[in-house]
Structure formats: structure tokens, C-alpha cells
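The structure appears right after this line, and notes come after that.
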Amino acid sequence: MTRVLILNGPNLGRLGVREPDVYGHASYTDLVRKGGEWGEGHGFSVDVRQTDDESEMVGWLHEAVDSGAHVVINPAAFTHYSYALRDAAAQVTKAGLHLVEVHISNPYAREEFRHRSVVGPVATGTVAGFGLGSYRVALEAIADLVA
Ligand code: DQA
């Protein structure tokens, strides 16, 4: 069975409470439920996780490589500056696995520091600006790629 890790970076555990005008009213629990449903709809085994800790996120990317899992990742603020995360993400795609970067908001329509992603250049692709729907589109993209 195709395995997909849906990984979420810092402050995404605060969805629903955190800046609802930007990130919407859905909670992290909603994301876990919907991510599971959308992934299972494609026949994937899905594991949805969140961490505020860069080293834990890097470890999960290593786990994806070692276990052969594809990745949907919202790196949150790590997107914009974490070279450690970028290097770990590169290992996923160099291993022939897919890694789709997602964002709930559209970072390009926001502050200038959000316009740069250090993860995007090593990702299979990026989906941004569709609320939790960004994850649905990312899972659909992986389904198409592995079909
Ligand atoms: C985010 C966008 C990032 O700029 C921000 O730091 C986040 C969330 C998004 O999903 O829109 O925490 O990744």
C-alpha cells in the first residue's frame, strides 16, 4: 500500500485559533480527519503529524526516505529559512519519492519574507492558497503521479 506522511510544521497545531482571517476556522483536528479521508480515498495509508520542533521534522523526513513513504509537507515558517529541512526534503525526492509542499494561505500574496521558500526548489511541486483544500490537491497530485 502506498504510504503518505502529511507533515505539519510550527504553529499549525493552533489552526482554528491562530489568525482565522488568514488560516480559516478549521482546526488541526479537522485537518487530521480530512487528510485521512482524502488520502484513504486514493487508497493511501496516511499518517498526519504536527511538530513545532525542526529536528523532529527532519527526523520524519529521514523516516520517509527509509520507509519509502511519499510526503505532503506544510513546513510553515520553516519554509522560509530552514536549510536543514530543505536538505532533508531533497533526500526524499532524490530517493525517487514525491514531496509536495503545501500552504493553507498564499505566501506570495503576503509579507515579503514569505515569498521565498527554501523547500520549493527540491519539492516535486507546491500547492498554496486553497485553505485545507491545498492538502486535498497535493494528495490528488501524488495519486496521479503514482498511478
Ligand atoms: C503557512 C505559511 C507560512 O508563511 C506560515 O509561516 C505558516 C503557515 C501556510 O500554510 O499558509 O505557518 O505555511
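We count ligands from 1, going down the list as the structure has it; atoms in each ligand are counted the same way.
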Practice problem: State which residues pass side-chain hydrogen bond (donor to acceptor under 3.5 Å, both in side chains) with Arg136; sequence neighbours excluded, sorted by chain then number. | Solution: none
Can you pull every nitrogen or oxygen pair between ligand 1 and the protein closer than 3.5 angstrom?
from     : atom 1 : to     : atom 2 : distance (Å)
ligand 1 : 4 (O)  : His80  : NE2    : 2.7
ligand 1 : 4 (O)  : Arg114 : NH1    : 2.9
ligand 1 : 6 (O)  : Ala77  : N      : 3.2
ligand 1 : 6 (O)  : Arg114 : NH1    : 3.1
ligand 1 : 10 (O) : Asn74  : ND2    : 2.8
ligand 1 : 10 (O) : Ile104 : N      : 2.8
ligand 1 : 11 (O) : Ile104 : N      : 3.3
ligand 1 : 11 (O) : Ser105 : N      : 2.8
ligand 1 : 11 (O) : Ser105 : OG     : 2.6
ligand 1 : 12 (O) : Arg18  : NH1    : 3.1
ligand 1 : 12 (O) : Arg18  : NH2    : 2.9
ligand 1 : 13 (O) : Asn74  : OD1    : 2.8
ligand 1 : 13 (O) : His103 : ND1    : 2.7

Quiz item: Please walk me through it: do Asn11 and Tyr28 pass side chain to side chain donor-acceptor pair (under 3.5 Å)?
Solution: CA-CA 10 Å; Asn11 300 301; Tyr28 177 67; over 6 Å; no
Quiz item: Who passes ring-ring contact (aromatic ring centres under 6.0 Å, His included) against His25, sequence neighbours left out?
Solution: none
Quiz item: With sequence neighbours left out, what residues match His98 under ring-ring contact (aromatic ring centres under 6.0 Å, His included)?
Solution: His70
Exercise. Determine the sole option in Leu139, Asp47, Ile73 for which the side chain to side chain contact (heavy atoms under 4.5 Å, CB included) test with Ile6 is passed.
Key: Leu139
Self-check item: Residue pair His42 / Glu40, side-chain donor-acceptor N/O under 3.5 Å
Solution: no
